[in-house]
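Heads up: the structure comes next, in structure tokens.
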Amino acid sequence: MLELMVLIPFSGAVLCLFLPGQLRRWPGLLSAGSVLMISVLLARDIYLHGAIRRHLGGWVEPLGIGLHIDGLSVFFILMTGLVGFLVSLYSFSQFSFGRSRDQAAHFWPLWLLLWGALNTLFFVSDIFNSYVVLELISISAAALAALSGSRASLVAALRYFLVAMAGSMAFLLGIGFIYAQAGTLDMFLISAAEPGDPLMAAALGLMTVGLIMKTALFPFHFWLPPAHGEAPAPVSAVLSALVIKGSFYLLLRLWFSAFAGNIINPPVAAVMGGLGFAAVIWGSYQAIIQDRLKLIIAYSSIGQIGYLFILFPLMFVSADPAWQTEAWTACTYQTISHGLAKAALFLAAGNLIQASGTDNIRSMRNIAGRLPMTTFTLGLAGVSLMGLPPSGGFVAKWMLLQSILASGQWWLAAAPVLGGLLTAAYIFKILAHTFISDENSVCCLPVSYLMEKSALLLAIFSILIGFRAEEVIFMLENRMSFEIIGGSP
Amino acid sequence: MDLGFWLPILVLSSSLITGLIIFFLKEESTGLRTVLNLLAAAFKVVAVHYMAFRLLVLDKAHEVSFSMGLGFDFVLRVDFLSLMFVSLSSNLWLVTTLYAVGYLEGSPNRSRFFGFFSLCVTASTGIALAGNLITFFIFYEFLTLVTYPLVVHRETRTALEAGRTYLWYTILGGSFLFVGVVWLQVIAGPLDFIDTGILEGLGSEHHRTLSIIFLLLIVGLGVKAALVPLHGWLPVAMVAPAPVSALLHAVAVVKAGAFGIVRVVFDVFGRDFAGFLGLLAPLAGAAALTIIFGSVRALYQTDLKKRLAYSTVSQVSYITIGAAVIAPFSTVGAIVHLVHQGVMKITLFFCAGNIAETLGLHKIRDIKGVARRMPVTAGLFTIAAFGMIGVPPLAGFISKWYLGIGGLDAGKDWILAVLVLSSILNSAYFLPVIHAMWFEHPDKEWKTLRPSRFEAPWTLLLPPLITAAAALLAGILAGWEWSPLGVAKQIAQGMGVYP
């Protein structure tokens, strides 16, 4: 099954190349559906039988390519599957309108390539292969960001591409260090290496910087708003919900699997937590002062990414493993619920923009009355982002605050609280504008049923995952292929 | 079928499912929507009372519990206090639905209105049935979200402004509550509501932290309960349609805050333990300040609904002051006032809505002589206002009597002084209105906005008639075992604070 998760999207992408533009959406949708189905089956398998380790072609490390899939990767794969499928459904309909037909021809192969690469990233256990896949992700993502073809989007995509490349270089350098020192690139073997080596520490540092750049943690976030804001709606959704999570996933793996118990550095973790905190405040503040809908949502991603990095100091200060698990779960929850809610927001924004013909929320009128379903989607996704109950975002924030308070790092508690308030400010800024009615304005262009429904479904899922935390905790506690070790200072 | 499990779920989902269905109904299908609304409301009343019967007579427990992992349990549990509150909210939902159907006849966006209206009742039902502080918090925040669309329902500039004010206050308050609840859970584990409180056993090294947490919780709850200076949103939210104001002031938002304070003081901290920590005296002080401040501000209002709003600020704090005094009668007074204030205030809002809807009058100076044209409405308004002032044998008198005696018992004579002063102020802002209605002459001709057979459409007359009768009966039959007072006494006995 693991192989199919990669083979299907890649062969779908290749198939697309042989088809004329308008037909490309069919293999696209077909691949999307089957990948989602396999993801669910895979998740069920891991839940029942535990983590899987495999070697491609029967060669064992350090020669062969190691694959593994455990509780953590399952959630990333499931999120990618769900978001990916619904975004595909949306694109299936959106790219069939007039001008955007040409975009469709490029969208489908690139998107399937990206999806296959993301899936691969979530189960290779070899760092060099991670690097290769990461490159593939960056290239296809940058190409997608340029899809709308406008001058602004080209500039943004090029800037994104350069930053991603710089990040890759740092990552590759780190890999060189590791190979020179440890003679292996397999995560399992690295985790068994001698602790406390300065060269290994330098390697981890380089790779961390590279990944942080790709994840758009403050202050490396500057490339994100234009790149995500200028792309077509489904592309923005994929970039915000999935692509930045890919590099974050690798960061988690490196810190808490490969290098766990090896080079533990609480001050560095505290700095990452501090940057996360700053990201929450700065990203949310920037989102509040924007007037363009997609920029608000893009800046919101920077703030929401910030929460994820608060995990790092928590893992190294909390002595009690129960609270570590909670911090870890909070982080996974935040990743997933942000992925779902953000994709829903971007798709809903796409609907609003298509209906009103403008990206400026001040000139949007009569939205709540004409597009009630899209307004509802905005509201639901907003609830999850704000962390209000009942929603996935609420569970995430609850656990985050709980583990912060239990670890005694009071100053960090301001992040979820202030972040929630600032998020409420920009979400209600959007919502309040949709309620303004204006008799004179001409509204609206039609939005297809499929586009409204797929956005709504994503928002509903972001709420629903708030009801089943127990399985997530179970998977993260008992279905891991590595011990999660925070280590004590 | 295990009714102990399914009844609470049924009670909760009867309005939840209705709300969700109504969202998808077409705007034009008025008849279907009305039937659905009334059926669901009536069903809920029946289910709630069957649940009451099972608990009180058959002595069966009702509990629903889902583990959400790591001490994060979703619990619905039915005790006497929740029964009292859920019975209040289900009955008042039924009458308010009837009222809203009449009130909103022919206005736009009714599907959205009734959808959120049902969700609002779901939230207050959840607040009533919540078995621990976490579940309570979930519904408390849910309530904030689903009342916002009701407040901005008219979509005017003022409505949107009011909605924004409302959100800022409640979301800020929610953050305080959030931190308080999470922190308390880290220290004390699962926060189940137990009649005697759950924190007494904690070591003395936690006492300082517990005081800070108490403050966080009270600030969070005080926003909705409109404790001064956290009350600012309430008068502004008056732009909402009359049935919304009625519901907000009687069972939903304001009462959720007051109910939360009762829960925190009695069932989380424990009244005696909170007193031991020295937390109750400041709370009583804040409540007293609110009672006087609200009444004084009410005097200055020229808009009838605004005057009623400030009156709510004042009246709801009776509950808080009763909870904050360590005396059996005060506890009973606080609990019974949860119900009494609800039925009286909802009557007042219904009547104010009637006058505004049929004659287009909003200002107090315009309602001179209204009793000639609308004698029933004016009569019901008078009954409810007398109740608020505390004239025997109306419901308000019972509350004030118990609260006053409780204050004396606890050796806090100043409470009696506050109550007397408040009653004088109540008279000062209600009596001129009543006088104007009955004894003064109208300045100009009224134009009838909604002609009907009676003085107003029957859907607008019947609800206040029922609630005014309830306010009257709650006072006259106070000695009966199952009157609000009787139930309040039993609740206090259950808590071990009433002999």
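In the text below, chain A, chain B and the rest are named by the order of the sequence lines, each starting its count at 1. This one's a predicted model, so the numbers in the text were calculated from it and none came from an experiment.
- Residues B:Lys224 and B:Val254 have side chains not in contact (no heavy-atom distance under 4.5 Å, counting atoms from C-beta outward).
- Looking at A:Ala413, there are no atoms closer than 4.5 Å to chain B (heavy atoms on both sides), in backbone or side chain.
- Contact check for A:Leu72 versus A:Trp328: side-chain heavy atoms found under the 4.5 Å cut-off.
- Residue contact with chain A, scored on non-hydrogen atoms closer than 4.5 Å, is absent for B:Arg164.
- Using a 4.5 Å cut-off between heavy atoms, B:Ile187 makes no contact with chain A at all.
- For B:Ile171, the parts sitting under 4.5 Å from any heavy atom of chain A are the backbone and the side chain alike.
- In this structure, B:Val75 and B:Val64 have side chains that are not in contact, with every pair of non-hydrogen atoms separated by 4.5 Å or more.
- Here the side chains of B:Thr18 and B:Phe114 are not in contact, with every heavy-atom distance at 4.5 Å or above.
- Looking at A:Val383, the atoms closer than 4.5 Å to chain B (heavy atoms on both sides) all sit in the side chain, from C-beta outward.
- Residue contact with chain B, scored on non-hydrogen atoms closer than 4.5 Å, is absent for A:Phe474.
- Proximity to chain B (any heavy atom under 4.5 Å) is shown, for A:Leu421, by both the backbone and the side chain.
- For B:Tyr148 and B:Thr170, the side-chain atoms include no donor-acceptor pair closer than 3.5 Å.
- For B:Leu167, the part sitting under 4.5 Å from any heavy atom of chain A is the side chain, from C-beta outward, and nothing else.
- No side-chain donor from either of A:Ser403 and A:Glu326 sits under 3.5 Å from a side-chain acceptor of the other.
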